[in-house]
Amino acid sequence: MPFPTINPSLQAALTERGYAEPTPVQLAVLEPETFERDLLVSAQTGSGKTVGYGLAMASTLLGESDKLEPTRELSR
């Protein structure tokens with residue numbers, strides 16, 4: 001199953017890095033009832049928690065932007 005509807009730039013970045021399907025953790029944080037809620041995630045190493053946290057924050061950080069900007073550290 002592909003990632004649910006997310007920002008197109010974010011979808012492209014995930015695809016470019018080999019993320020074709022979300023893990024159960026990532027699917028859980030994308031559920032509509034989690035939107036704008038505090039989340040506490042406990043799962044095994046390698047379950048996709050870090051990307052899941054990014055996905056949970058993405059709509060707040062990106063809004064409707066169609067462009068992802070690198071962090072200051074990556075743009076040097």
Side-chain angles (χ1 to χ4, degrees):
M1 173 200 310
F3 281 89
T5 303
I6 57 175
N7 179 290
S9 295
L10 181 57
Q11 180 66 61
L14 289 169
T15 300
E16 183 179 307
R17 287 162 182 80
Y19 290 90
E21 296 181 1
T23 66
V25 168
Q26 294 159 359
L27 279 175
V29 302
L30 292 172
E31 291 291 329
E33 57 269 12
T34 66
F35 185 68
E36 293 188 353
R37 299 204 46 200
D38 293 336
L39 303 175
L40 177 62
V41 178
S42 177
Q44 292 182 320
T45 299
S47 63
K49 293 183 299 291
T50 302
V51 171
Y53 281 124
L55 291 169
M57 295 184 298
S59 63
T60 300
L61 297 174
L62 297 172
E64 298 297 319
S65 176
D66 62 349
K67 186 174 176 186
L68 295 177
E69 298 293 337
T71 62
R72 178 176 50 121
E73 292 80 10
L74 294 176
S75 63
R76 292 184 181 175

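One is the number of the first residue; the rest follow in order along the sequence.
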Chemist: Find out whether L55 and L10 are in side-chain contact, i.e. whether some heavy atom of one side chain is under 4.5 Å from a heavy atom of the other.
Modeler: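 Yes, their side chains come closer than 4.5 Å.
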Chemist: Give a yes or no on whether the backbone of V25 and the side-chain of K49 come within a donor-acceptor separation of less than 3.5 Å.
Modeler: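 Checking the backbone N and O of V25 against the side chain of K49, no donor-acceptor pair under 3.5 Å is found.
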Chemist: Which atoms form the tightest heavy-atom contact between E21 and Q26, and what is the distance?
Modeler: O-OE1, 4.3 Å
Chemist: Out of L27, T15, L14, which residue meets the side-chain contact (heavy atoms from CB on, under 4.5 Å) rule with F3?
Modeler: L14
Chemist: Is the side chain of E31 donor-acceptor paired with the backbone N or O of A28 at a distance under 3.5 Å, no angle test?
Modeler: no
Chemist: Within a radius of less than 6.0 Å around OH of Y19, do more than 12 heavy atoms belonging to other residues, nucleotides or ligands occur?
Modeler: no
Chemist: So, using side chain to side chain donor-acceptor pair (under 3.5 Å) as the criterion, who are the partners of T34 when residues are at least two apart?
Modeler: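 Partners of T34 under the side chain to side chain donor-acceptor pair (under 3.5 Å) test: none.
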Chemist: Which pair of heavy atoms, one from A56 and one from L39, lies closest together, and at what distance?
Modeler: CB-CD1, 4.1 Å
